[in-house]
Number of protein chains: 2
Amino acid sequence: MVTIQDVARKANVSITTVSRVINDKPDVSKETKERINKIIKEMGYKPNSVARGLVLRKTNTLGLLIPDISNPFFPEVARGIEDFAKNNGFSVIFCNTDNKKSEEKKAINLLRSKQVDGIILSLSFKNKEELEKLRKENFPVVQIDREIPDINYPIVKIDNIKSGYKATRYLIESGHTKIAHITGNTDTKTGQDRLEGYKKALEEFDIEINEKWILKGDYSKDSGYREIKRLLKQDEPPTAIFIANDLMAIGTYEALMEKNIKIPDELSIIGHDDIDIASIVNPKLTTLSQPKYKLGQLAAKILISRIEKQKFPENCKSILESELIIRNSVKRLK
Amino acid sequence: MVTIQDVARKANVSITTVSRVINDKPDVSKETKERINKIIKEMGYKPNSVARGLVLRKTNTLGLLIPDISNPFFPEVARGIEDFAKNNGFSVIFCNTDNKKSEEKKAINLLRSKQVDGIILSLSFKNKEELEKLRKENFPVVQIDREIPDINYPIVKIDNIKSGYKATRYLIESGHTKIAHITGNTDTKTGQDRLEGYKKALEEFDIEINEKWILKGDYSKDSGYREIKRLLKQDEPPTAIFIANDLMAIGTYEALMEKNIKIPDELSIIGHDDIDIASIVNPKLTTLSQPKYKLGQLAAKILISRIEKQKFPENCKSILESELIIRNSVKRLK
DNA sequence: GTGAAAGCGCTAACAT
DNA sequence: ATGTTAGCGCTTTCAC
């Protein structure tokens, strides 16, 4: 490892001067600057960010804390974050937590001890404590996707109530009145919100809410498969169903295929998220699309602004709108 | 930020003693140890990894350099890496390069300047230089998925020649003789290898290779869509096709659906990778499954062994076998 | 325009 | 069993 010392020695200057050159500071003659730059190149010198981080108390590193990078929702978000971060001189450490409180705590401690300058996180609903600790220290944080209520931190998310509302409303406007719902994990705000939107739409159109048609999923494909089977056992089946995410909808597809029930003729389905698969299954899944890349990008933008202390609304809530993607899994009755 | 100084002052001991306690070193009385641990807890002291990294010349951080985390192949690999890393006290910084040489170079420089202890990477085929630089310094590296030839670094990958061979052989054994191939990006070793496996199988079974039936894709869904359309314009179409990855196969599905060509009755398809979608499309796609999570896990294991200087074959090539997943997209003619 | 010196928070000889 | 000291590679005052 060649250090600033080595460069200074070779150039016959003090390390201060070399430091000035690599940081592009004034007060160094054009002549020496060029000479030092040449030597830097020759020796292949690269400043040590760790040493720099120690003195500057800034690592130019962001933490990303998510439930699971292999959940199809997150890779694109992560990409949006990394792209924006990279373009602004930051890199990102990612941690998977599987929504476990203990893992979340460990990950936050790890990131803090690594002195990341800020954290983008998607916490499980129950974990208010950790976020409050960060808040107390006024540590830069941006929440994504899931919001822990009553804590004053920026959040970038989809308006999930509205999104659930839009999905359900589309079913209603297509002529359906018997509409079921498979919820997401109702330990998450996201899951609760989509459910709330579902109820809101039914109420608005004076359709009675049938609790038997509200089935408790957990965002996993298996839970979609499981819950639709339970639904089908009921005496009076619905004609349409809003499923809180596409992954569960896919599970549903499999169960229906097994039972030889035709989508959308016998059951209309609308999903949520517009993951890759949605445009590929047969019939193509009507769903709501989340601007995932943008979500990540914006989260990184807000966090970095906060870190660099540029003006940005202190506790901005950025609510991105989801987009209805009409495909072939909903039958229009009118 | 509370530092080791603060703890030492409060405990009326030297920072050395505190250091001994937090690192669980001997030579400190049970009594003081307990007292200091109590104070550490009270003050919420967390050691500063950056300072530690500076003196120890070890950051317990891994770099992960991949083309694109939102490419469905990588999230699971990344998860395997992060899990193993975490369980062994490491965290991971990830970088997307889009297979661009310039981005790869920038990312490696960034990771080096951040003093990561090792790098797991999947480089574009043309980028031998950067890897050679690392090799010269004997820097810990593990390649995943794609191998740059002639460089003595550990690699964890699928045997893609064998995998292409297995895919093609399965088509042959199903009774097909007119077998086409849509290649992956032939700038990558992976793409070349699967093609080679395809040819090898044909040769072994004395089937003449028809260059017209070898179509040049680039691993993107669009290229699958595009190339199958070109294939269909030919006078004498094949009865089966091996497509170098599932994403392209999905593009193919769309084109065939448009043209109302039935899979597998009119054209049999075998893909590669077994991404989520494969088990969901209609008909379900027969494909070869890569142990992605294991791939990541093993790569991390080898890299960390190397870093910790535990014995592990210096230049081990870990060739994981892909697994044939028989579904419904190949028609058995015999 | 350039350099000497202090210090970021920690670990590791080397005393005592 | 505990403390003193030096130093990891860098930036930043302050002096010249």
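In this text, all values refer to a predicted model and were calculated from it rather than measured experimentally. Sequence lines set the chain letters: A, B, ... in the order given, protein chains first and strands last, and positions in each chain run from 1.
- Residue contacts shown for K33(A) are absent, as no nucleic acid heavy atom lies under 4.0 Å away.
- With a 4.5 Å cut-off on side-chain heavy atoms, V7(A) and I22(A) do not count as touching.
- The shortest distance between side-chain heavy atoms of R112(B) and E137(B) falls below 4.5 Å.
- For T32(A), a side-chain nitrogen or oxygen approaches OP1 or OP2 of dT2(C) to under 4.0 Å.
- Across dC8(D), dC8(C), dT2(D), the shortest atom-to-atom separation from the side chain of V55(A) is found for dC8(C).
- Here the P atom of nucleotide dC10(C) and the CZ atom of R52(A) are 22 Å apart, to the nearest Å.
- For I22(B) and dG9(C), the CD1 to P distance is 13 Å, given to the nearest whole Å.
- Distance, R9(A) CZ to dG9(D) P: 11 Å, rounded to whole Å.
- In terms of position along DNA chain D, the nucleotide closest to V28(B) lies nearer the 5' end than the nucleotide closest to the other residue of the pair V28(B) and Q5(A).
- To the nearest angstrom, C1' of dG1(C) lies 11 Å from CD of E31(A).
- Along DNA chain D, the nucleotide nearest L56(B) and the nucleotide nearest K30(B) are compared for position; the residue whose nucleotide lies closer to the 5' end is K30(B).
- You won't find any donor-acceptor pair under 3.5 Å spanning the side chain of T17(B) and the base of dA1(D), going by distance alone.
- The phosphate of dT11(C) (OP1 or OP2) has a side-chain N or O of N23(B) nearer than 4.0 angstrom.
- Contact of T16(B) with dA12(C) (side chain to base): a donor-acceptor pair of N or O atoms is detected under 3.5 Å.
- Within 6.0 Å of NZ on K126(B) lie no more than 12 heavy atoms contributed by other residues, nucleotides or ligands.
- Toward the 5′ end of DNA chain C lies the nearest nucleotide of I15(A), the other residue of the pair A51(A) and I15(A) mapping further downstream.
- The CG atom of L54(B) sits 4 Å away from the C1' atom of dC8(D) (whole-angstrom rounding).
- One finds the CG atom of D187(A) at 10.5 Å from the OH atom of Y219(A) (value rounded to the nearest 0.5 Å).
- Per the geometry, CG belonging to D27(A) stands 15 Å off P belonging to dC14(D), to the nearest Å.
- Between K25(A) and dT12(D) there is a side-chain N or O to OP1 or OP2 distance below 4.0 Å.
- At least one side-chain heavy atom of L295(B) sits less than 4.5 Å from a side-chain heavy atom of F73(B).
- Residue I307(A) holds its CD1 atom at 8.5 Å from CG of N60(A), rounded to the nearest 0.5 Å.
- P47(A) comes within contact range of the sugar-phosphate backbone alone, with a heavy-atom separation under 4.0 Å but no base atom that close.
- Within the nucleic acid shown, V13(B) comes within 4.0 Å of sugar-phosphate atoms alone, with no base atom in reach, counting heavy atoms only.
- Counting distance only, with no hydrogens placed and no angle test, the side-chain atoms of R20(B) and the base atoms of dG3(D) include a donor-acceptor pair under 3.5 Å.
- Regarding contacts with the backbone of dA4(C), every side-chain N or O of S14(A) stays at 4.0 angstrom or more from both OP1 and OP2.
- We find that CE of M1(B) is positioned 20 Å from P of dG7(C), with the value rounded to whole Å.
- The OH atom of Y45(A) sits 10 Å away from the P atom of dG9(D) (whole-angstrom rounding).
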